[in-house]
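Working notes, beginning with the structure itself.
Quick note: numbers below take in every heavy atom, side chains included, and nothing from hydrogens, waters or symmetry partners. Note on naming: letters A, B, ... go to the chains in the order of the sequence lines (proteins, then strands), and numbering restarts at 1 for each one.
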Amino acid sequence: MTDTVRVRFAPSPTGALHIGGGHTALFNWLWARHMGGRFILRIEDTDRERSTKEYEETIMSGMRWLGLDWDEGPDAGGDYGPYRQSERLPLYRKYADQLVDEGKAYREGDAVIFKNPEGVKLIFDDVVYGHIEVMSETLKDTVLIKSDGMPTYNYAVVIDDHCMGITHVIRGEDHISNTPKQLLIYDALGWDYPAFGHLPMILGKDKKKLSKRHGATSVYEFRDMGYMPDSVFNFLALLGWSAGENNEIFSRDEAVSLFELSRVTKRAAVFDMEKLNFINQEHLKRLDPYTRLDLVEPFWREMGLPVDDHSREYLAQSLVVLCGRGQTAKEAAGYSDYFLTFEAVKGRYDGSDVDDAGRGMLRKFYGELLGLPEWKAPPLEEFTRTWSEGHSVKMKDIAMPLRMALTGMKVSPGVFEVAEHLGRDECRRRLAHFGFVGSAE
RNA sequence: GGUCCCAUCGUCCAGUGGCCUAGGACACAGCCCUUUCAAGGCUGUGACACGGGUUCGAAUCCCGUUGGGACCGCCA
């Protein structure tokens with residue numbers, strides 16, 4: 001039991017779950033699950049100014065959204081709690097006092113400061129970056145306890161990782177230069193080092209560290225844009241790791257079984273929206289219609305469409321007809337409004353692009369079409385093809401107006417599939433509205 | 001400035017001394033399919049930063065150069 005893997009994600013609750021934080025959490029989670037270990041959530045709320053309970057909540061729900069469940073944490077409990085640093089103050093105090101007593105640290109005002117030794121070679125073998133060594137004289141004295149009684153990051157992280165039995169410290173590459181400082185504290189306390197595995201940074205398109213300037217950066221923004229948790233998960237997992245040469249679209253379970261910390265790459269990765277779009281579309285395609293419906297429905301509602309006027313069956317089938325069009329649930333919702341209401345069509349199209357001569361032909365054709373015995377896509381298409389040949393008009397000259405009248409869009413799924421799904425009566429109603437079908441005369 | 005890290009197509013990855021005239025994916029271009037758009041199929045453009053070594057042999061190892069990045073807070 002003592003040698004099971006224990007990893008942690010230790011965010012500070014000073015903002016929503018950032019895409020970089022999500023990446024770090026994800027890799028920790030993958031390693032824990034792959035190894036059958038424990039994934040711990042620790043809240044590093046030692047910045048009294050900026051930490052809030054609300055952000056703590058936001059971060060946790062962001063992780064839940066991504067499907068990263070933790071075994072120990074502020075809400076989950078565990079044998080190594082408390083899991084909020086603000087609640088572990090006596091512990092930090094205790095070791096700080098010990099360090100002062102041993103002459104390894106000194107007090108300055110209310111603060112406790114670690115005395116930086118000289119001539120010590122600090123060495124660690126990073127699971128990802130390999131052998132790294134730094135001489136202690138390149139470092140300075142570091143504050144352990146701040147004047148307000150709170151521990152600093154570099155100190156608390158050591159105490160907690162040790163006391164919580166963390167076996168692998170997996171975090172962003174920006175912490176590599178912090179590691180030697182922490183090593184000094186491990187040494188001073190006579191503790192063994194955990195294994196360290198630093199993760200490559202995630203950059204924006206301009207190759208600068210990802211920030212708000214790059215648009216969406218909190219995982220919630222991706223949810224709101226219509227991305228699936230599974231695809232954000234998949235995409236993030238691909239930043240700095242690969243599951244093998246021909247395996248880019250995968251599930252959580254597949255990632256868990258394939259993941260290897262030693263296969264993580266060192267080079268910073270650029271966050272590429274295009275790739276995320278592709279991955280999301282792939283995951284969307286693989287969904288069964290009703291699950292897809294659950295994803296799209298909120299966006300239809302957001303658009304003010306009459307979702308409740310239709311059956312679940314009809315709505316799900318609408319997405320089947322849509323057939324993978326749209327890279328996000330939001331796009332899919334936007335591409336399919338005409339299935340829910342004719343109003344959307346009327347808002348886009350008024351039939352004025354058809355001249356009188358054209359209208360005459362269309363009335364003749366649509367009149368016959370609407371009279372067909374079977375209202376199914378194949379016979380509709382078959383009839384249309386035959387008719388267009390018989391009257392020497394191009395297929396698209398009679399199919400396109402139909403598309404416009406039915407969907408109000410130049411672009412849609414196969415128009416006969418759309419017509420079938422809409423039903424004969426609804427099609428007649430829409431065609432009649434634009435005068436494409438003769439009212440009695 | 002000091003310390004540390006990184007360096008393969010525009011982007012994400014594969015590649016761990018010979019299988020590499022460097023492979024896949026996204027994006028891009030063309031073609032096919034076709035009632036539009038997607039999807040799908042096919043084809044193409046496109047990279048080992050540079051210079052020295054080591055070696056019979058280097059994208060892979062070593063050194064240097066250049067270019068990026070991180071850290072150097074009583075932030076985390």
Side-chain angles (χ1 to χ4, degrees), chain A residues 10-15 21 44-51 85 108-113 122 126 128-130 132-140 142-157 171-181 198 200-203 205 207-209 235 238-249 263 265-279 281-282 285 322-327 331-332 335 380-381 384-385 388 394-404 407 409-418:
Chain A
S12 72
T14 54
E44 307 214 329
D45 56 348
T46 54
D47 184 336
R48 281 184 162 152
E49 302 285 296
R50 300 191 299 146
S51 299
Q85 290 188 327
E108 192 171 283
D110 295 322
V112 178
I113 300 172
L122 283 335
D126 194 280
V128 175
Y129 284 85
I132 294 175
E133 51 179 73
V134 177
M135 289 306 292
S136 63
E137 46 268 32
T138 64
L139 272 22
K140 304 191 287 193
T142 46
V143 175
L144 265 23
I145 305 279
K146 300 184 262 180
S147 301
D148 67 358
M150 286 293 195
T152 57
Y153 165 74
N154 280 309
Y155 174 58
V157 75
R171 77 238 294 196
E173 182 241 36
D174 48 340
H175 286 295
I176 285 186
S177 3
N178 283 323
T179 308
K181 301 172 199 168
H198 288 88
M201 302 265 81
I202 298 179
L203 277 21
K205 260 260 179 280
K207 304 241 185 158
K208 292 276 169 28
K209 191 171 171 177
F235 174 70
L238 249 19
L239 257 27
W241 178 71
S242 81
E245 249 193 274
N246 285 313
N247 190 12
E248 295 223 286
I249 307 297
R263 280 185 56 88
T265 58
K266 303 174 185 168
R267 210 239 214 132
V270 173
F271 186 97
D272 182 12
M273 262 311 210
E274 302 283 359
K275 185 79 172 242
L276 206 212
N277 287 336
F278 167 77
I279 290 174
Q281 186 169 28
E282 291 301 308
K285 279 197 288 197
L322 197 63
C323 189
R325 264 158 271 245
Q327 295 188 303
E331 268 184 18
Y335 290 166
L380 289 176
E381 177 172 355
T384 305
R385 195 173 302 283
S388 73
K394 287 190 196 140
M395 180 92 160
K396 69 173 180 182
D397 290 333
I398 48 182
M400 204 56 179
L402 180 61
R403 168 173 290 110
M404 291 307 296
T407 70
M409 293 172 162
K410 294 193 294 282
V411 166
S412 82
V415 70
F416 304 109
E417 280 73 22
V418 171

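Here the straight-line distance linking atom OG1 of Thr407(A) with atom OH of Tyr335(A) works out to 13.0 Å at 0.5 Å rounding. Between the CG atom in Leu122(A) and the CD1 atom in Ile132(A) there is a gap of 11.5 Å [rounded to 0.5 Å]. The line from CG of Leu239(A) to NZ of Lys275(A) is 9.5 Å long, rounded to the nearest 0.5 Å. To the nearest 0.5 Å, atoms CE (Met400(A)) and OG (Ser412(A)) are separated by 7.5 Å.
Distance Tyr129(A) OH to C4(B) C1': 11 Å, rounded to the nearest Å.
For the C1' atom pair drawn from C12(B) and A58(B), the interatomic distance equals 25 Å after rounding to whole Å. A distance of about 8 Å separates the C1' atoms of A22(B) and G15(B), rounded to the whole Å. Separation of the C1' atoms belonging to G51(B) and A7(B) is 15 Å when rounded to the nearest angstrom. Comparing U3(B) with C74(B), their C1' atoms sit 22 Å apart, to the nearest whole Å. Atom name P, nucleotides A47(B) and G23(B): the rounded distance is 11 Å, in whole Å. Rounded to whole Å, the C1' atom of C31(B) lies 49 Å from the corresponding atom of U54(B). Nucleotides C9(B) and C63(B) are separated by 28 Å at their C1' atoms, to the nearest Å. Taking atom C1' in both A70(B) and G30(B), the straight-line distance is 43 Å, to the nearest Å.
Across all strands, Thr265(A) comes closer than 4.0 Å only to sugar-phosphate atoms, never to a base (heavy-atom distances). Residue Ala269(A) is classed as a sugar-phosphate contact, given heavy-atom separations below 4.0 Å to backbone atoms only. Within the nucleic acid shown, Asn178(A) comes within 4.0 Å of at least one base atom, counting heavy atoms only. When heavy atoms are screened at a 4.0 angstrom cut-off, Thr384(A) is found touching no nucleic acid atom at all. Using a 4.0 Å heavy-atom cutoff across all strands shown, Lys394(A) reaches no nucleic acid atom at all. Heavy atoms of Arg263(A) sit under 4.0 angstrom from primed sugar atoms or phosphate atoms, though from no base atom.
The residues Asp272(A) and Lys205(A) are annotated as salt-bridged, a charged nitrogen and a carboxylate oxygen being separated by less than 4.0 angstrom.
Residue Arg267(A) places none of its side-chain N or O atoms closer than 4.0 Å to OP1 or OP2 of C48(B). For Thr138(A), no side-chain nitrogen or oxygen approaches OP1 or OP2 of C4(B) to under 4.0 Å. Dashed line: the shortest gap from a side-chain N or O of Arg50(A) to OP1 or OP2 of A76(B) is not under 4.0 Å. Between Lys140(A) and the phosphate of C72(B), there is no side-chain N or O to OP1/OP2 separation shorter than 4.0 Å.
Remark: C74(B) base-pairs with no nucleotide in the shown strands. Criterion, Watson-Crick or G-U wobble with two distances under 3.5 Å.
Closest of all the heavy-atom pairs between Asp174(A) and Lys209(A) is OD2-NZ, 3.8 Å. Taking all atoms of both residues into account, the shortest heavy-atom contact from Thr265(A) to Val128(A) is O-CG1, 3.8 Å. Taking all atoms of both residues into account, the shortest heavy-atom contact from Ser12(A) to Glu44(A) is CB-O, 3.2 Å. Heavy-atom minimum distance, Pro151(A) versus Lys146(A): O-CE, 3.5 Å. Here the shortest heavy-atom pairing between Glu381(A) and Phe416(A) reads CB-CD1, 3.6 Å. Pairing each heavy atom of Ser242(A) with each of Arg263(A), the nearest pair is OG-NH2, 3.6 Å.
Of the candidates A14(B), A27(B), C74(B), A27(B) carries the atom nearest the Gln327(A) side chain, counting heavy atoms from C-beta on. Checking A14(B), A25(B), C72(B) against every side-chain atom of Lys181(A), the shortest atom distance belongs to C72(B).
In terms of position on RNA chain B, the residue among Pro11(A) and Glu133(A) whose nearest nucleotide sits closer to the 5' end is Glu133(A).
Taking only distance into account, the side chain of Ser147(A) meets the base of C74(B) through a donor-acceptor pair shorter than 3.5 Å.
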Nucleotide N/O of nucleotides 35-38 of chain B paired with protein N/O under 3.5 Å:
residue : atom : partner   : partner atom : Å
U35(B)  : OP1  : Arg385(A) : NH1          : 2.8
U35(B)  : OP1  : Arg385(A) : NH2          : 3.0
U35(B)  : O2   : Arg403(A) : NH1          : 3.4
U35(B)  : O2   : Arg403(A) : NH2          : 2.8
U36(B)  : O2'  : Lys410(A) : O            : 3.2
U36(B)  : N1   : Arg403(A) : NH2          : 3.4
U36(B)  : O2   : Ser412(A) : N            : 2.8
U36(B)  : O2   : Ser412(A) : O            : 3.0
U36(B)  : N3   : Arg403(A) : NH2          : 3.0
U36(B)  : N3   : Ser412(A) : O            : 2.5
U36(B)  : O4   : Gly414(A) : N            : 3.2
C37(B)  : O2   : Arg325(A) : NH1          : 2.5
C37(B)  : N3   : Arg325(A) : NH1          : 2.2

Are any protein N/O atoms closer than 3.5 Å to N/O atoms in nucleotides 61-70 of chain B? If there are, list each pair with its distance.
residue : atom : partner   : partner atom : Å
A70(B)  : O2'  : Asp174(A) : O            : 3.1

